[in-house]
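Structure record follows, encoded as structure tokens.
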Amino acid sequence: LAKTTQPISMDSYEGQEVNITCSHNNIATNDYITWYQQFPSQGPRFIIQGYKTKVTNEVASLFIPADRKSSTLSLPRVSLSDTAVYYCLVGDDPGNTPLVFGKGTRLSVIA
Amino acid sequence: SAVISQKPSRDICQRGTSLTIQCQVDSQVTMMFWYRQQPGQSLTLIATANQGSEATYESGFVIDKFPISRPNLTFSTLTVSNMSPEDSSIYLCSVEDQEGSNTGELFFGEGSRLTVL
């Protein structure tokens, strides 16, 4: 199973762009990169997924270099409500290989 | 998307007792996953539950301690048996998105917070 490494925590002021980088050196050819967000007392929630290059949705952008050994989640203009734990996962079909959660990055947004 | 309901949302249990957590999904799903999240920690997969077959347990988790039922495609239960304070955790049910465009996207319930005294 591909293992992921993320910073344990990050702090940001409101309105700033936040970039969280995840390392996954052993990513397999069929693996996708998926990011989840978890608020206290809630289950994780899907944010974004990508395979290569760049993906953007209404919430975030995901940058993946050509070697796919890392990825960067970019949150534009964060607000206090973005304070959460962010998890980077790599894998394909969880029915084939269950997805493994790493330690995640605890983002604290301050006013 | 899938809407997942878990019961109970929280409970306080006595050492040595067992508790069954229910997970109901609003659509039919092939696989359901049970995770544990200890206080301040990440999620750890306990087992994968398939309808009509025995659950597949991850290393460190055994059926005698965490028996799982999967009677149909929308429902599963996880029992935490002979509980000790070390079992105090949030237990989360999860399913894979069957219809979306994302590969392996998981939906989670709100979790069941168990405190063992």
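The analysis underlying the following values was restricted to heavy atoms, covering all of them including side chains, and did not include hydrogens, waters or symmetry mates. Naming: A, B, ... by sequence-line order, numbering from 1 per chain.
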With the side chain counted from C-beta on, respond yes when Val18(A) and Asp82(A) share a heavy-atom pair under 4.5 Å apart, and no when they do not.
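Result no, sub-4.5 Å side-chain heavy-atom pair not found.
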Under 4.5 Å from any heavy atom of chain B, what part of Tyr87(A) do you find: side chain, backbone, both or neither?
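Contact with chain B: side chain only.
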Contact winner vs chain B - Ser41(A), Pro40(A), Gly50(A), heavy-atom pairs under 4.5 Å
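So the answer, after comparing Ser41(A), Pro40(A), Gly50(A), is Ser41(A).
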Winner by heavy-atom pair count (cut-off under 4.5 Å) against chain B, out of Gly104(A), Gly102(A), Pro44(A):
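Of the options given, most contacts go to Pro44(A).
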What is the distance from atom CG of Leu80(A) to atom CD of Glu14(A), rounded to the nearest 0.5 Å?
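Reported to 0.5 Å precision, the distance equals 3.5 Å.
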Taking atom CD of Gln38(B) as the centre, does the number of heavy atoms from other residues, nucleotides or ligands within less than 6.0 Å exceed 12?
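Yes, the 6.0 Å shell around CD holds more than 12 heavy atoms from other groups.
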Tyr32(A) atom OH, over 12 foreign heavy atoms within 6.0 Å:
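No - once you tally the heavy atoms of other residues, nucleotides and ligands closer than 6.0 Å, there are 12 at most.
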Measuring heavy-atom distances to chain A, does [X] have an atom under 4.5 Å in its side chain, in its backbone, in both, or in neither?
| X | value |
| --- | --- |
| Arg113(B) | side chain |
| Ile90(B) | neither |
| Gln6(B) | neither |

Checking Lys65(B) side chain against Ser81(B) main chain: does a donor-acceptor pair fall under 3.5 Å?
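A pair under 3.5 Å: yes.
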